[in-house]
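Residue numbers start from 1 in every chain, and the chains themselves are labelled A, B, ... in the order their sequence lines are given, proteins ahead of strands.
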Amino acid sequence: MAQITKRSEDYSRWYQDVIAAAEMAENSPVRGCMVIRPNGYAIWENIQRTLDDKFKELGHVNAYFPLLIPKSFLAKEAQHVEGFAKECAIVTHHRLKQVTVNGKVDLIPDPESKLEEEYIIRPTSETIIWDQYRKWIQSYRDLPLLINQWANVMRWEMRTRMFLRTTEFLWQEGHTAHATAEEGRAETLQMLEVYRWFAEDILAMPVITGAKSESERFAGAQETYSIEAMMQDKKALQAATSHDLGQNFAKAFDVKYQNAEGKVEFVWATSWGMSTRIMGALIMTHSDDDGLVLPPRIAGTKAVIIPIWRKDEEMVEVVAAAEKIAAELRPIVGAIHVDKRDNMRPGWKYAEWERKGVPLRMEIGPRDLKDDQVMMAARHDRNKQAVKIVDLVTAVPAELERIQQDLFDRAKQRLVDATVEIDTWDDFTKLFQGDGGFAHCHWCGDAACEQAIQDKTKVTIRNIPFERDETEGECVHCGNKSIGRVLFSQSY
RNA sequence: CGGGGCGUAGCGCAGCCCGGUUAGCGCGCCUGCUUCGGGAGCAGGAGGUCGGGAGUUCGAAUCUCCCCGCCCCGACCA
């Protein structure tokens, strides 16, 4: 069994070890692309379910658009090209041909099957979706158009890391069209709030909401908003984004509607997304040196029951009791696993389920049976207590709720403890040469100054928080006038 | 793409410098018995084109060249 490197020794090694030990994902033969294993995919399925329900509650519907996009589409929105052209995979042929070279059979693209117009594999779907929206939107009565897509996308990054940055990744992308700028802006902010809710209430991951600086804006957006979380190494991770696209895509793809007065106008657009990257954030927010730690609301398995026995007669009794408890609890708390394997001892099983991040463990043996109780142990703080079997229907949901809240509080405390206000360049460099963290600092608003800070320290503006100090001050780097503080940090 | 490290059984590694019988070790896996309340013990067993290709040699895991992949640091990146 692979040992998990301690966080204090090598944080990024620890991260990879946790993923391997929890059997969440592993590398594949395809460079930069990972295999998401059942333990990891179960989490993604829960993410999908929860978000999808919320999207629909707010009036969105799902659709599916092609994986391949005509190359020319990308060129239609100038900034969009600039942002994505460098990382696109391109389909150039539609057929292979067998050839024999030095007696060996090989396959090459059949030159005769070269495509007249090449396709790119979508790095994001704005272009192909907006090309379609042109056909769907004529009247203000067609608006708003609120569509989401669950899909895979591909961005040919130079350096990849499991979940955080993979060549292919899974995500949802919402693409909406509206009659007015105000409606578009309201949708953008509404979806950002959904992401904040999801991160904090479901993933127990406190975030800072705010607007991106101009240089960090999505390619083609008028305004980009993000939620930023703090990992245990005090670096920031952008957990989701929501973009107000203004009329940029409507103009690029000629999407117009006629209003009630008969006037023809371009529509207003938004897009918003959360990807499998969030699972990297989830791992780095809660897990410890013993492996994965998951908040109950997103865990694939909420609790595991470990029957303990010596003799075969005991096994029959204990397993039956465990199954009965599981059956009673499942309708209340969700997936519960009874670990009946008879080829390993309880201690081994405890360690294994701890590695895999199951939030709650119940142990039931002959001694417990006699006392009509089980031992109940929480993964994240090792709190262990005896609970009467009749009380489980209330005790288990309550304990899961305590775990959920505890994980959030713990993460929130880390965030608060590692967040400071900094006013001098000297203190700024000291902070980021040392432990790092989140720093609220004055900034002049100049992109060149922002770039200079990044070049010198690798620190970037994570966002301009909604809740921030807007009193005047001097830019932490250049000393010019500032109209408030923004959030600085090193990031993933 | 630049610098560094690594690639030998499912996992972790030794062997390589200095070429030489059937390539080892630990964990895991299979079979059996004893065990079972915090990573069990004993016995037997299965599992390898030594990342790929070419070369040097009587002989290559070991030497040379090329390629591929992974990890770390850069560059790159909603």
Side-chain angles (χ1 to χ4, degrees), chain A residues 1-5 10-13 15-17 20-21 23 26-34 79-80 82-88 101-102 104 123-124 126 153 155-162 164-167 169 171 173 211-221 223-228 237-243 245 271-275 277 290-291 306-312 314-315 318 339 341-355 361-371 373-375 377 382 384 386 454-455 458 460 462-463 491-492:
Chain A
M1 193 53 56
Q3 283 299 305
I4 297 172
T5 308
D10 184 341
Y11 192 80
S12 87
R13 186 65 171 271
Y15 173 71
Q16 296 175 79
D17 287 349
E23 297 174 2
E26 59 194 32
N27 281 315
S28 75
V30 184
R31 182 199 185 101
C33 295
M34 63 179 179
Q79 290 168 288
H80 200 65
E82 209 184 308
F84 289 110
K86 288 169 290 188
E87 48 192 45
C88 285
V101 185
N102 300 331
K104 281 181 188 166
T124 179
E126 272 80 2
V153 291
R155 297 180 188 179
W156 213 272
E157 304 281 359
M158 297 203 162
R159 197 165 144 196
T160 60
R161 304 188 73 188
M162 289 256 186
L164 300 177
R165 183 169 288 115
T166 48
T167 303
F169 57 92
W171 75 349
E173 45 180 330
K212 284 290 189 182
S213 66
E214 195 183 340
S215 61
E216 296 263 336
R217 220 169 261 164
F218 175 71
E223 191 79 78
T224 287
Y225 300 94
S226 73
I227 56 172
E228 304 282 334
L237 191 142
Q238 176 179 294
T241 49
S242 185
H243 315 290
L245 302 175
S271 72
W272 26 273
M274 180 178 274
S275 73
R277 180 176 221 220
D290 295 321
I306 302 189
I308 298 164
W309 67 83
R310 266 171 224 271
K311 304 175 203 119
D312 287 355
E314 287 174 340
M315 180 179 89
V318 160
D339 188 348
R341 291 174 296 180
D342 63 357
N343 59 334
M344 43 190 83
R345 309 196 330 174
W348 175 271
K349 294 181 181 179
Y350 300 166
E352 179 179 325
W353 293 110
E354 280 164 8
R355 277 200 305 276
R361 180 182 76 233
M362 281 169 273
E363 308 160 12
I364 179 162
R367 287 209 298 272
D368 299 304
L369 224 46
K370 216 180 306 165
D371 297 335
Q373 64 170 33
V374 303
M375 294 304 295
R382 305 299 158 84
K384 195 164 166 174
Q454 183 176 356
D455 292 344
K458 290 183 209 162
T460 52
R462 298 325 305 153
N463 65 23
S491 76
Y492 279 98

B:C36 base / A:Arg310 side chain donor-acceptor hit below 3.5 Å: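 Under the 3.5 Å cut-off, the side chain and the base do not form any donor-acceptor pair.
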
With a 3.5 Å cut-off and just heavy-atom distances, do the side chain of A:Arg361 and the base of B:G38 make a donor-acceptor pair?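 Present.
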
How many whole angstroms separate atom [atom1] of [X] from atom [atom2] of [N]?
X	N	atom1	atom2	result
A:Met315	B:U35	CE	P	15 Å
A:Asp17	B:C70	CG	C1'	14 Å
A:Glu216	B:C76	CD	P	13 Å
A:Met158	B:G2	CE	C1'	11 Å
A:Leu164	B:C71	CG	C1'	15 Å
A:Asn343	B:U34	CG	P	16 Å
A:Leu369	B:G37	CG	C1'	13 Å
A:Glu157	B:C77	CD	C1'	5 Å

Please measure how far the [atom1] atom in [N] lies from the corresponding atom in [M], and state the result in whole Å.
N	M	atom1	result
B:C70	B:G51	C1'	11 Å
B:C42	B:G4	P	46 Å
B:G48	B:U8	P	15 Å
B:C67	B:C72	P	23 Å
B:A61	B:G55	P	15 Å
B:G19	B:G10	C1'	30 Å
B:C29	B:C58	C1'	40 Å
B:U31	B:G69	C1'	37 Å

Need one value for [X]: base, sugar-phosphate or nothing, where a base atom within 4.0 Å counts as base even if backbone is also close, heavy atoms only.
X	result
A:Asp10	nothing
A:Glu354	base
A:Gly220	nothing
A:Ser226	nothing
A:Lys212	nothing
A:Lys311	nothing

Would you kindly check if the NZ (Lys) or CZ (Arg) of A:Arg277 is within the cone defined by 45 degrees around the ring axis of A:Phe169 and under 6.0 Å from the six-membered ring centre?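 A:Arg277 over A:Phe169 ring: no.
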
Closest to side chain of [X], choosing from [options]:
X	options	result
A:Met375	B:C77, B:G37, B:G38	B:G37
A:Ala351	B:G38, B:C76, B:A40	B:G38
A:Gln16	B:C76, B:C72, B:U35	B:C72
A:Glu87	B:C77, B:C72, B:G37	B:C77
A:Asn27	B:C71, B:U35, B:C72	B:C71
A:Arg161	B:G37, B:C77, B:C72	B:C72

Does [N] have a Watson-Crick or wobble mate here (both distances under 3.5 Å), and if so which one?
N	value
B:G19	none
B:U57	none
B:C1	B:G74
B:U49	none
B:G69	B:C6
B:C13	B:G24
B:A40	B:U34

What pairs with A:Glu214 under salt bridge (charged side-chain N to carboxylate O under 4.0 Å, His left out), at least two apart in sequence or on another chain?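 None.
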
Test of understanding: with salt bridge (charged side-chain N to carboxylate O under 4.0 Å, His left out), list the residues that count as partners of A:Lys384, not counting sequence neighbours.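 By the salt bridge (charged side-chain N to carboxylate O under 4.0 Å, His left out) rule, A:Lys384 matches A:Glu363.
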
Any side-chain heavy atom of [X] sitting closer than 4.5 Å to one from [Y]?
X	Y	answer
A:Ser271	A:Glu173	no
A:Glu126	A:Phe218	yes
A:Glu354	A:Arg361	yes

Just one of A:Gln238, A:His243, A:Glu216 clears the side chain to side chain donor-acceptor pair (under 3.5 Å) bar with A:Thr224, so which one?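 Result: among A:Gln238, A:His243, A:Glu216, A:His243 is the only option passing the side chain to side chain donor-acceptor pair (under 3.5 Å) with A:Thr224.
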
Treating A:Asn27 as the side-chain partner and A:Met34 as the backbone partner, does any N or O pair qualify as donor plus acceptor under 3.5 Å? no

Mark yes or no for whether A:Lys370, through its side chain, and A:Gly365, through its backbone, hold a donor-acceptor pair below 3.5 Å. no

It should be established whether [X] places a side-chain nitrogen or oxygen under 4.0 Å from OP1 or OP2 of nucleotide [N].
X	N	value
A:Lys349	B:G39	no
A:Arg159	B:C73	yes
A:Ser12	B:C72	yes
A:Gln238	B:C77	no
A:Arg31	B:C68	no

Please tabulate, one pair per line, each protein N/O and nucleotide N/O from nucleotides 45-47 of chain B that are separated by under 3.5 Å, including the distance.
none

Sidechain N-carboxylate O distance under 4.0 Å for A:Arg355, A:Asp17: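 Salt bridge: no.
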
State whether A:Glu223 and A:Lys212 are salt-bridged, where the test is any N-O pair (Lys NZ or Arg NE/NH1/NH2 against Asp/Glu carboxylate O) under 4.0 Å. no

Taking the nucleotide of RNA chain B with the nearest heavy atom to each, does A:Tyr350 or A:Trp171 sit closer to the 5' end?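 Looking at RNA chain B, the more 5' nearest nucleotide goes with A:Tyr350.
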
